[in-house]
Structures are given as structure tokens and as C-alpha cells.
Participant: 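For reference, the structure I am asking about is given below.
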There are 2 protein chains.
Amino acid sequence: MTGDGGSDASGVDPQELWLTSDRPRRGRKPAFSRESITAAAVALADAEGLDAVTMRRVASEVGAGVMSLYSYAPDKATLIELMVDHVSGELPVSGAPTGDWRADLKAIAHLQRALMLRHPWLPAALSTRRSLGPHTLAFLERALAALRPTGLDGAAKLEVFAQLTGFVAGHVAHEIAQAAAARSPERAAAEARYLAVVAADGHHPELAEALAAPGRALTPEATFTRFLNRLVDGLDSD
Amino acid sequence: MTGDGGSDASGVDPQELWLTSDRPRRGRKPAFSRESITAAAVALADAEGLDAVTMRRVASEVGAGVMSLYSYAPDKATLIELMVDHVSGELPVSGAPTGDWRADLKAIAHLQRALMLRHPWLPAALSTRRSLGPHTLAFLERALAALRPTGLDGAAKLEVFAQLTGFVAGHVAHEIAQAAAARSPERAAAEARYLAVVAADGHHPELAEALAAPGRALTPEATFTRFLNRLVDGLDSD
DNA sequence: ACCATTTCCGTACGTCGTACGAGAATGATG
DNA sequence: CATCATTCTCGTACGACGTACGGAAATGGT
């Protein structure tokens, strides 16, 4: 318990993390940094998935002892929040509102999607908890600015942003799962075989028909854009 | 490796789980059942959350040895899929299409939301993997029937259902998180304090304003309905 | 009576997050 | 420069997890 202003990452409030001032005047000098540890964790997750992010792996990646990490983040959940905010720093914060708030909102969603495709673990990490780090907040600020012309009240604007983010995360998660399934033909074949059995049992005529009608191959991008347009275009109808 | 038709739960294909015929003619009689184990796991998750569902806890809840569970499900992930399909059995399968497919689709979404509120671990369990058990398929069949009047092709109908489910899961997850936050005033106060600091730093004018404008208190139900309407009402605009 | 088959489950292994606390490094103070 | 409080480093250890292994027990077919 160091009171406020210490650089250690303990504290009751999760938010207190983002408020820690950076340099204590006494004591041993830190050999690592929150930044480098977070970056290593992100690189690990990008390369091998979120499950590969263990305290031991991150520590060895960064050349530290395992327990040293706990000087920079009080627990693993916090480290993941740091990761989320870290990659959120890749989101452009400039690009002020154009006046067409629908277009602005769609552009924002596309930025989020691109980020999540670049860091496929992000939707899963977001589903655990909402982070409120500086980069996340900067992007939120941009989204709120874009929503200004709607005249919505504060709570509604925040709600729209949360909903939009949730929508993008859900879509990208699905998109990634599809891509992964397509990459392992054995799994895909097994599922197809199973569905064929179900379709043949006579109790699922609609499913049978849906599977029989091929439907044109649509890029994930196109599907995303279509649903996004539907959601955003309906946004001011109360 | 028992070939096909055995009651053990092994097999390369995850789907094979749902195809296992139930009674092998030889060997010791099972002391438990997939059903009772799954039900115990569901009860546990309902009462203490998904993290409380460990093989040891489920086994002790059901009066079995830990390793006995593996005669009924090949691994924990499969057990969770069983749980998902189990609670999906609570979804009414009757209630044929009324002809107004938008209303039907909205009703379906409301049913899903109610189910997820009753089993708050469900959104998290769904985010891991899509299950295709008999109850899930029965409900999918109903949704496809409701979508028939749209004239969408098979792939598009499946996509719409996946998207709708994802939307509901995302919304309910958010809803549950909000409710949990509201129930622990300390956390809420900490977050409010933190946001106040951020709002006061001058770099987040939009956020400051959004927080200042109170906005009427809207029930989660109302918010859900609003977003759902937006999504569904835009659905046939190509 | 025998045996193939299936289930039951105690034991054990490797991995995880992380509590503890001893040692090393540092800046402030005399 | 000596002391000391402070801060960081990290080896060790603990409990909990998923689950592989394999022997014991039960069952139905022969």
C-alpha cells in the first residue's frame, strides 16, 4: 500500500491503473517498462493467440523473471487490459467529423474491424471487460464528436458507441472463426457431413433447403458493410 | 476407438457427439447420464458463473469421480457445448411464422435475450464456439422458417441468424455487465471518479459533455428493443 | 464359465496464476 | 561516505486446473 502516486500497480480501483504517475524518486530503477511488457504480450497474442499469453511466456519473451511482471500490472486481467489499450493506439484519432455522421460512424466501424483483423484476439479480450485506457478514450472522444450532429443525449451516444463496438467485435469474431474453419478442410468436411445427416432426417426442411441453395459467395468485407449500413442507417429513427 | 455407434464421446469430429446412438449392448451400465451431468453443470453455472464449472466441481455435484465425466464428454469444451444445447431446449420451437417476418424475427431475438438473462454465462459460452446440437438446430429451423418470406438465399438466411444471435449475445453481455457494475457501488464510484478526472483534463470535451448531460434513464429492455428494431427494420434494404 | 466391452475413478503430470519474502539496487538524508 | 527507507527482481512454492493412464468392477454375449 503506497498511497497514491506510486508506480506500483496495486490498488482497489481498476481505473487507478491509468492514473499512476510514472517516476518514484527512490528505490531501484525498473529494468523493464509497462510499455515493453505490453508490447511483448501483444506480439505473442498476435503470433500464437491469446492462450499463449501466460505470465511465464511473456516474462521469458521480455527477459524478465515471472514475478517481475507483477511490478507493472497487478494481475493478468490487467495485463490484458493494457494490451487492449495498447493496440487501440493504432486507431487514428485525427480525421475530424465531416458533417455526415453516418459516414463518419461507418468509417469508425471499419477502422475497428481492421484493427481486430490485425489482432484477432481482440474481440475475445474485449468480451471480458471494457477497458478505459487513454487510447481507448481518445478514440471514444472521436466517436462522440462524430455523433454530435445526431443530437442524442450523452447516455445515448455512449450506448451507440458501445453497441457499435460490440457489433464489430461480434462480426469479426465470426469472420475469424469462419476463416479458421475454411483453413482446416477436415473440420469443415466433418461439419458438412453432419449437417447433411441432419438435413436428411426430414425434421429440418428449412435447413435442408437453405443448405441446398448455394447463394453467391460474398466477401466478409461485403457482408460486414451490408450489416453495418443497416445498423447505422436506422440509427436516428427513434 | 470404438468405430461408429458407440456411446463413448471420443471422435475426431466435434459433431459426432450429437450422432452417438445411446445404448451399447455390452459393458458396465452407466451410473450417470449425459443429461444429468449437463444439467448439473448448467445449475452450477447459473448459480456461480462459468468459472465455477470445473470438472472437479461438476463431478462432485453429481456424485461421480472426476474422470468418470470423460465417459460422457471427451473434454471440457464439449461439456460446455452440451450445456449450450441443453439450455437451448428452453427455447420454444412452436410458434410458427405469422407472415410478418420482421415481427417474427424480433420475437425470436426477445426469446434469445430472455434465455441469456436466465443463464448469464451463455453469451460467454457462445462466444467460444458455435454449437449445433439438436435444440440449437430446432431453433435455427424456426428462425429459417420465419425468414422464408424475405426471399433471401440460404447462405444469407444463415448469416442473418448468426448475426442476430451475435447481436443479442453482445447486447446481453453488456447488459449483464452494467447490472453487475450497478450492484457494486464501489466499483461504479471508482469509475465515475476516474471519468471525472479524465473529463476535467480538457482533452476530452465531448466526453465531458456527454457525462454532463444526464439523459433519461432507459430500461435495458427499451434499449434492446430500440437497437433490435433498427437492425431488423433495415434488413431487406439491400 | 469365460471374455470382450464398457464404465468407474484413484493417481499423477504438466501448466496455470500468483502469494511470499529474501536479496539487490537506488536516492535521500545525516 | 554511511545509513536507511524505498522500490524492484525473481526463486520457490502452493493450490487449482484439465486430463492421460491404467487397474478394478460390472455387464451382456457366447
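Numbers restart at 1 for each chain; the letters A, B, ... are given by sequence-line order, proteins then strands.
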Participant: Taking OP1 and OP2 of dT9(D), is either one under 4.0 Å from a side-chain nitrogen or oxygen of Tyr72(A)?
Facilitator: yes
Participant: Please state how far atom CG in Leu79(B) lies from atom P in dT19(D), giving the value in whole angstrom units.
Facilitator: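 Going from CG in Leu79(B) over to P in dT19(D) covers 10 Å.
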Participant: Atom OH of Tyr70(A) and atom C1' of dG17(C): how far apart are they, to the nearest Å?
Facilitator: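 That distance rounds to 5 Å.
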Participant: Is it the case that the side chains of Glu90(B) and His119(B) hold a donor-acceptor pair, with the cut-off being a distance below 3.5 Å and no angle test?
Facilitator: yes
Participant: Hey, is Arg57(B) close enough to Glu48(B) for a salt bridge, meaning N to O under 4.0 Å?
Facilitator: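 Glu48(B) and Arg57(B): salt-bridged.
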Participant: State, with a plain yes or no, whether a side-chain heavy atom of Thr128(B) is found less than 4.5 Å away from one of Glu81(B).
Facilitator: no
Participant: Run the salt bridge (Lys or Arg N to Asp or Glu O under 4.0 Å) test against Glu35(A) and tell me which residues pass, sequence neighbours left out.
Facilitator: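 Residues passing salt bridge (Lys or Arg N to Asp or Glu O under 4.0 Å) with Glu35(A): none at all.
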Participant: Any luck finding a side-chain donor-acceptor pair between Ser131(A) and Asp85(A) under 3.5 Å?
Facilitator: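 The criterion, which ignores hydrogens and geometry beyond distance, is not satisfied for Asp85(A) and Ser131(A).
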Participant: Establish, from distance only, whether the side-chain atoms of Ser71(A) and Ser68(A) form a donor-acceptor pair under 3.5 Å.
Facilitator: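 No - no donor-acceptor pair under 3.5 Å links their side chains.
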Participant: Please determine whether a side-chain nitrogen or oxygen atom of Ser71(A) lies at a distance below 4.0 Å from atom OP1 or OP2 of dT9(D).
Facilitator: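 Checking Ser71(A) against dT9(D): at least one side-chain N or O falls below 4.0 Å of OP1 or OP2.
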Participant: Using the 3.5 Å cut-off, write out each protein N or O paired with an N or O of nucleotides 26-29 of chain D and the distance between them.
Facilitator:
from	atom 1	to	atom 2	distance (Å)
dG28(D)	O3'	Arg25(B)	O	3.2

Participant: Look at atom CG of Asp51(B) and say whether more than 12 heavy atoms of other residues, nucleotides or ligands are closer to it than 6.0 Å.
Facilitator: no
Participant: Return the residues of residues 36-65 of chain A meeting this criterion: a heavy atom under 4.0 Å from some atom of DNA chain D. Order them by number, or give none.
Facilitator: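 Those residues whose heavy atoms fall under 4.0 Å from DNA chain D, taken from residues 36-65 of chain A in numerical order, are Ala64(A), Gly65(A).
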Participant: Once the angle between the rings of His171(B) and His174(B) is folded into 0 to 90°, is it parallel (under 30°), tilted (30 to 60°) or perpendicular (over 60°)?
Facilitator: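 Ring orientation, 0 to 90° scale: perpendicular.
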Participant: Both Met67(B) and Ser68(A) contact DNA chain D. Taking the nearest nucleotide for each, which residue is further toward the 5' end?
Facilitator: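 Of the two residues, Ser68(A) wins.
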Participant: State which of dT9(D), dT18(C), dC9(C) makes the closest approach to the side chain of Lys76(A).
Facilitator: dT18(C)
